[in-house]
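Here is the structure we will look at.
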Amino acid sequence: MERLTIAQALREGIREEMRRDERVFCIGEDIGVTKGFGGAFTVTLGLSDEFGHERILDTPISETGLVGAAIGAAMMGLRPIADVQYSDFLFCAMDQVINQAPKMRYMSGGKITVPMVLRAPVGATQRGAQHAQSVESYFFHCPGWKIACPSNAYDAKGLLKTAVRDDNPVFIFEHKKLYGAKGIRKVSGSIDASSDIPAEEYLIPFGQAKILREGKDVTILATLRMVYESLRAAEELASKKGISAEVIDPRTLIPFDYDTLYLSVKKTGRLVIVHEDTMTGGWGAEIAARVSADIFDCLDAPVTRVCAPDTPAPFSTPLEEFFVPDKEKIKEAVLKKA
Amino acid sequence: MERLTIAQALREGIREEMRRDERVFCIGEDIGVTKGFGGAFTVTLGLSDEFGHERILDTPISETGLVGAAIGAAMMGLRPIADVQYSDFLFCAMDQVINQAPKMRYMSGGKITVPMVLRAPVGATQRGAQHAQSVESYFFHCPGWKIACPSNAYDAKGLLKTAVRDDNPVFIFEHKKLYGAKGIRKVSGSIDASSDIPAEEYLIPFGQAKILREGKDVTILATLRMVYESLRAAEELASKKGISAEVIDPRTLIPFDYDTLYLSVKKTGRLVIVHEDTMTGGWGAEIAARVSADIFDCLDAPVTRVCAPDTPAPFSTPLEEFFVPDKEKIKEAVLKKA
Amino acid sequence: MPENKNIIDTLPGDAAKAMYRAMVTIRQFEDTVYYMFLEGKLPGTVHLYQGQEAVAAGVCANLRKEDVIFSTHRADGHAIAKGVSLNACMAELFGRVTGCCKGKGGAMHLGDIDAGMPPAVAIVGGGLPMAAGCGLAFKYRKQDNVSIAFFGDGAANEGAFHETLNMAAVWKLPVIFVCENNLYGASTHVSKVMKVENVADRASAYGIPGVTVDGNNVFEVYRAAGEAVQRARMGGGPTLLECKTYRRGGHSRGDSNLYRDKKEEAEWLAKDPLVLVREKLVTGGIITEEEIKNIEEQVKAEIEKAVKFAEESPFPAKEEIFKDFWAD
Amino acid sequence: MPENKNIIDTLPGDAAKAMYRAMVTIRQFEDTVYYMFLEGKLPGTVHLYQGQEAVAAGVCANLRKEDVIFSTHRADGHAIAKGVSLNACMAELFGRVTGCCKGKGGAMHLGDIDAGMPPAVAIVGGGLPMAAGCGLAFKYRKQDNVSIAFFGDGAANEGAFHETLNMAAVWKLPVIFVCENNLYGASTHVSKVMKVENVADRASAYGIPGVTVDGNNVFEVYRAAGEAVQRARMGGGPTLLECKTYRRGGHSRGDSNLYRDKKEEAEWLAKDPLVLVREKLVTGGIITEEEIKNIEEQVKAEIEKAVKFAEESPFPAKEEIFKDFWAD
Ligand SMILES: Cc1ncc(C[n+]2csc(CCOP(=O)(O)OP(=O)(O)O)c2C)c(N)n1
Ligand SMILES: Cc1ncc(C[n+]2csc(CCOP(=O)(O)OP(=O)(O)O)c2C)c(N)n1
Ligand SMILES: [Mg+2]
Ligand SMILES: [Mg+2]
């Protein structure tokens, strides 16, 4: 048992997988530079000491190139873990991410696999509109990617290891304010998402949501940083309003654990979905649409969503604070429908 | 009054706007080549004869470059109409499309405008997974783009002219099987979407849906080619099952005419949403979520969606026919909930 | 482009004949596909390879089965030269379940990884980064295989070209970038979209060798590709090999090339790679007229067989749509 | 990089002083910003420009107000040199409503189109295509203005670089591509990600002039940029101008450059562009020690004023979030 941050837990997960399987390697910008940062958020810090620069491969600033190289290597049987420093930069690699990786197996009639992991940090951190996006929904819409979004170190490690062993392309969206990076790479406004990590190896299967707090009056579905805002909202709702909220973290968006969610909503009759991404066309819409259709009769109130407003992310601190959903807005949403 | 196909109507719309306003120009691949195709679907055929090659500007095969150039030119006060030959290629320009065009005005504190039009053909036409996508939903999710999707020549011309005069970036998604291109550029399986086009100038405001068929039992919301499948389904439902379906074409997805839709659903109590794009995370999810939330009490049955399955588009004709939603599936969806 | 007079002499007769046969096969295959397309038997569109046969044949003659090629929307020639079964290619074009991609890929995605060819990539330039990744995998595993990226002159203006050549150069990957410069990207002449004379002139921007050859001369292509392949196998890194060539037909479907300069067209069409190779093989005494006739007839039979195979093959069942998608 | 001994002589004294003043302003501004950042007064991160002042100052001294520059995440120097108000720059860094982007853009998006600078683009390489579009607009309207794209060595490996330079070359756009080669893209040394010695060597791939100058010598930058600007204004098309320079500080925030070679660092830090320019101006008799002191003090006062302005400015109200978004 050891207390690790998400950045550390991911690092240990990568280390274990790279020790276990020679085909696993990391590819990205600034990830293995000697005396460097270990990637934008220290996740790969020190790994090139153990594995060398061929397996912790620094690239030019060429997102299309590096993501495409990962896809090609995966098609040939390696198991790359690629990363982009901020998820906003995925748009520079979008042809590879949308047109190639998730379609290659299908187009080959099932002959090819693309066992790659693509890590991408999301979330607003006072850096303006091009370093703030939560982009999960774009990929949620693209058939062929699995999507993990760990909210704590335990999940991060377990999901990463599962991702590396999956034969499909897998996204891991990590929240910048949850990494727990220390020192110069620390992000202000960080939340402690560290966990006790067992000494023994463990994997977390995809498609298994976690009920973080049991409740009976309303279900709150949230990912990443929004999990913490939701838990805080739930506590205050309980202590101040006597409302018992169940908080669920789906942990993976594709596959999505509808079973756990539906069971919960059948019990509570109410659902609030929370994501940091903007509302219109976000993944929350899909869940809301499905819940509203599949268990229509179990709903005591319409499904509500708490999301960022449909604007680019503003820079100024008070604006960004207003942009990102928080416990107050979640409470409001719960109270409005209660 | 003249009967025009969508390709012709768009061409006339572009011609009128270019005559009216010197700042309007077209930029894209193969759009103005002498004795060439006039773009992938003949929309700009012959325009370089009238306007010259500076205003019908052929580009290298460089989607990032050409879309970015359009953005930059728009920022400086020109009014570019850019096009990519197939909407799938937008992913090659995605940084410009997602990170730049729709954020530039906001980041400037409102000082800059980006008055550009981006035309992109969608829909499956037996060309396999990389030439078949209906990509509207990716951009529907990105705050900052307006989105038009005309289903007939009349709308195409009116919406295009409105788009050119809008000070925001505007997408026009056009369906390959609706262009009505003749001769060598004809797409097999095409549907007649031609209209009588008035001799006088007209514009169609954004955010005004059109009720294509009145009905009282169920509302069918559909865009582009799916409008035709929905109308056929509605006819058969009427003649064979005595079900009266109202068919609505929103014409623009952003802004979206919720008023017209809600009024209809309040009357019918039922909604079926049809789009050619894959289901999960498609724009239909947002509409379903909003309808389910906003007029929850008016719904007699859960909102249903008829969409492509969550796979890449297959090539083989019978598979593609099964992939693309059709009148049978729409009828099924209506009957299931009836 | 000085011609190496000795290449035919030094080339084993079998290799020369094999290349010739590949070229004949491609030509006949494409002629047949075009006929089928006009007959309305093939769905979608076609991008045919007539006129460029020497490139696929000359490059692939240097390859082992385990070497891998990445192709484009214009994939037939590459598939045939790399040894994807004619039956499976034809059946794929027909969208049959017996196709090399089970009918799921289609004309622009021909390929069979068992023959060393993943599905062709129909996004212009989109295959290059993956080709580099394939080379990376070879290098990672210390295999002396090579990865080939075929692409057109038009693709050389895509950002993916730049990023990939740079990456491959920096990492010294065993990748040959084979640019088939047929002077047009769709209807656009290369001179309108590129100020340099040769695509290969861009190699210097990445510090790698750039070579331009007559892409209608299979022996020149063979030799230049051979050098590049050899260098790559030995750890010498990538090469940008440009083959100047010309489409005999339109860009796709019913395109009749109205935008092409008639003088340019006449000059290039006169340099038919099949006529050229045949002449040289006969003059060089490598092959007899009779052998030529035999090859042509054998190929004809094979292609007829492939058409028959395709036409008699079933379409995939509807449930197939959900298969071959997720790996598990 | 031979130094033109005459440049100072031929340069009007006012122009030289103006450049010097711009450099001093940038240096003091950046020093202050860093201090503020360490004090916890600034949100997010900073990418500072100390060491590269000669580039922004030397290039922008050739520009008119109506010429337009496109910048990057490292935007302060460009904004100041182009004449964006110091108050508005500082207030933007503080996220105040009086900032040049009303607090909505932030440190990586400084800019003010009224001064000829749209919001800086924080996507590496992402500004280049728009800079070409701006040049296209000038050409379209037959204005003799120029568009400047500032970018780093790291950006030269992005696909956007390639597509844009090619487009600008083919269309002969009035764009100067100014590469500030400070030897690092974040922590990555240029030699690890590029095999050519100079970024400007890549100009030949597009058939345009490529020039490499000492980016720490403002007079060299001024002259080379002047030539390029002149050519562009006259319809001669784009230039790739590479300025070799060096960051005095870290890439961002608290980066302490541990990955940099200490010898390399010492050599470059010894070539402080501000020291160099001061020496030359004094030796050349263009400026007196006293004038230098005056300028420094005036600038100091201006920057203090800017900080005060920023600190006293209000934050935007929450409703501001929905404003300045849709144009209507
Ligand atoms: C990214 C992208 N842009 C545009 C197209 C449409 N398109 C298909 S082939 C082609 C021309 C390609 O030219 P080139 O690379 O020279 O290959 P060629 O067709 O001559 O073999 C174009 C523009 C595409 N498939 N992908
Ligand atoms: C597309 C993209 N990839 C990566 C980054 C992260 N990033 C920000 S600055 C930087 C280094 C840029 O290097 P260079 O272009 O040389 O500019 P410099 O910082 O040296 O001024 C990186 C990798 C980014 N902002 N955008
Ligand atoms: Mg070509
Ligand atoms: Mg740099």
Side-chain angles (χ1 to χ4, degrees), chain B residues 22-25 27 53-55 57-80 82 92-116 143-146 166-170 206 254-255, chain D residues 68 70 92 97 99-106 108-114 118-141 143 145 147 149 158-160 162-168 170-171 173 175 316 320-321 323-328:
Chain B
E22 285 227 323
R23 299 168 302 173
V24 180
F25 73 103
I27 179 169
H53 292 283
E54 249 120 82
R55 293 185 72 195
L57 186 57
D58 285 310
T59 73
I61 310 180
S62 307
E63 285 77 12
T64 290
L66 81 91
V67 172
I71 300 170
M75 284 165 52
M76 299 309 296
L78 299 188
R79 305 187 82 86
C92 297
M94 205 67 166
D95 168 52
Q96 296 296 320
V97 175
I98 300 291
N99 288 328
Q100 313 302 341
K103 297 184 173 53
M104 204 37 86
R105 175 175 172 75
Y106 198 71
M107 296 194 308
S108 77
K111 279 195 188 159
I112 279 176
T113 54
V114 184
M116 69 180 282
W145 282 96
K146 293 188 179 176
D166 198 295
D167 275 338
N168 299 284
V170 181
F206 286 176
I254 309 272
Chain D
V68 172
F70 288 77
E92 189 63 29
V97 72
C100 52
C101 309
K102 298 198 197 161
K104 286 191 174 133
M108 289 198 265
H109 303 294
L110 281 196
D112 178 357
I113 193 66
D114 294 333
V121 172
I123 301 295
V124 168
L128 276 69
M130 289 180 278
C134 172
L136 180 65
F138 289 144
K139 192 177 173 206
Y140 190 94
R141 287 195 293 236
Q143 291 169 259
N145 290 106
S147 167
E158 283 283 1
H162 176 69
E163 297 190 8
T164 305
L165 269 77
N166 184 54
M167 254 177 20
V170 166
W171 296 336
L173 300 182
V175 185
E320 272 290 319
I321 205 167
K323 291 190 191 144
D324 304 317
F325 178 38
W326 294 110
D328 41 30

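All chains are named by letter (A, B, ...) in the order of the sequence lines, taking the proteins before the strands, and each is independently numbered beginning at 1.
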Seminar exercise, completed: One option among B/M104, B/E54, B/Q100, B/E22 has the most heavy-atom pairs under 4.5 Å with chain D, and it is B/Q100
For this session: Give a yes-or-no answer on whether the side chains of D/Y140 and B/R55 include a donor-acceptor pair shorter than 3.5 Å.
Result: yes
For this session: Tell me, out of B/D95, B/T113, B/D167, who's got the most heavy-atom pairs with chain D below 4.5 Å.
Result: B/D95
Exercise. Between atom OG of B/S108 and atom NE2 of D/H109, what is the distance when rounded to the nearest 0.5 Å?
Worked result: 11.5 Å
For this session: Sequence neighbours left out, what passes side-chain contact (heavy atoms from CB on, under 4.5 Å) with B/P102? Give chain and number order.
Result: B/C142, B/W145
Exercise. So do the side chains of B/M75 and D/C134 get within less than 4.5 Å of each other, counting heavy atoms only?
Worked result: no
Exercise. Between B/N168 and D/A327, is there a donor-acceptor pair closer than 3.5 Å when you use the side chain of the first and the backbone of the second?
Worked result: yes
Exercise. Considering only heavy atoms, which portion of B/K103 lies under 4.5 Å from any heavy atom of chain D: side chain, backbone, both, or neither?
Worked result: neither
Exercise. At their closest point, which heavy atom of D/W171 faces which heavy atom of B/P60, and how far apart are they?
Worked result: CZ2-CD, 4.2 Å
Problem set entry | Residue among B/R105, B/M76, B/R23 with most heavy-atom pairs under 4.5 Å to chain D | B/R105
Exercise. Does B/Y106 use its side chain to pair, donor to acceptor, with the backbone of D/G105 at less than 3.5 Å?
Worked result: no
Exercise. Can you tell me how far CE of B/M107 sits from CD of D/E92, rounded to the nearest 0.5 angstrom?
Worked result: 10.5 Å
Exercise. Is a side-chain donor or acceptor of B/Q96 paired with a backbone partner of D/G126 at a separation under 3.5 angstrom?
Worked result: yes
Exercise. Which bit of D/K139 is near chain B, if near means a heavy-atom gap under 4.5 Å: side chain, backbone, both or neither?
Worked result: neither
For this session: Counting only heavy atoms closer than 4.5 Å, note whether D/L165 contacts chain B via side chain, backbone, both or neither.
Result: neither
Problem set entry | Heavy-atom pair with the smallest gap, counting every atom of B/L66 and D/M167 | N-SD, 3.7 Å
For this session: Identify the two heavy atoms, one from B/T64 and one from D/A160, that lie closest to each other, and give their separation to 0.1 Å.
Result: CG2-CB, 4.0 Å
For this session: Drop me the distance from D/N166's CG to B/I61's CD1, to the nearest 0.5 angstrom.
Result: 11.0 Å
For this session: Sort out for me which of D/T164, D/I123, D/V97, D/I113 touches chain B most, counting heavy-atom pairs under 4.5 Å.
Result: D/I123
Seminar exercise, completed: The side-chain contact (heavy atoms from CB on, under 4.5 Å) partners of D/Q143 (sequence neighbours excluded) come to D/F138, D/R141, D/N145
Exercise. Does some side-chain heavy atom of B/D166 sit less than 4.5 Å from a side-chain heavy atom of D/D328?
Worked result: no
Exercise. In Å and rounded to the nearest 0.5 Å, what is the CG to CD1 distance from D/D324 to B/I112?
Worked result: 12.0 Å
For this session: Select, from B/N99, B/V114, B/V67, the one with the greatest count of heavy-atom pairs under 4.5 Å involving chain D.
Result: B/N99
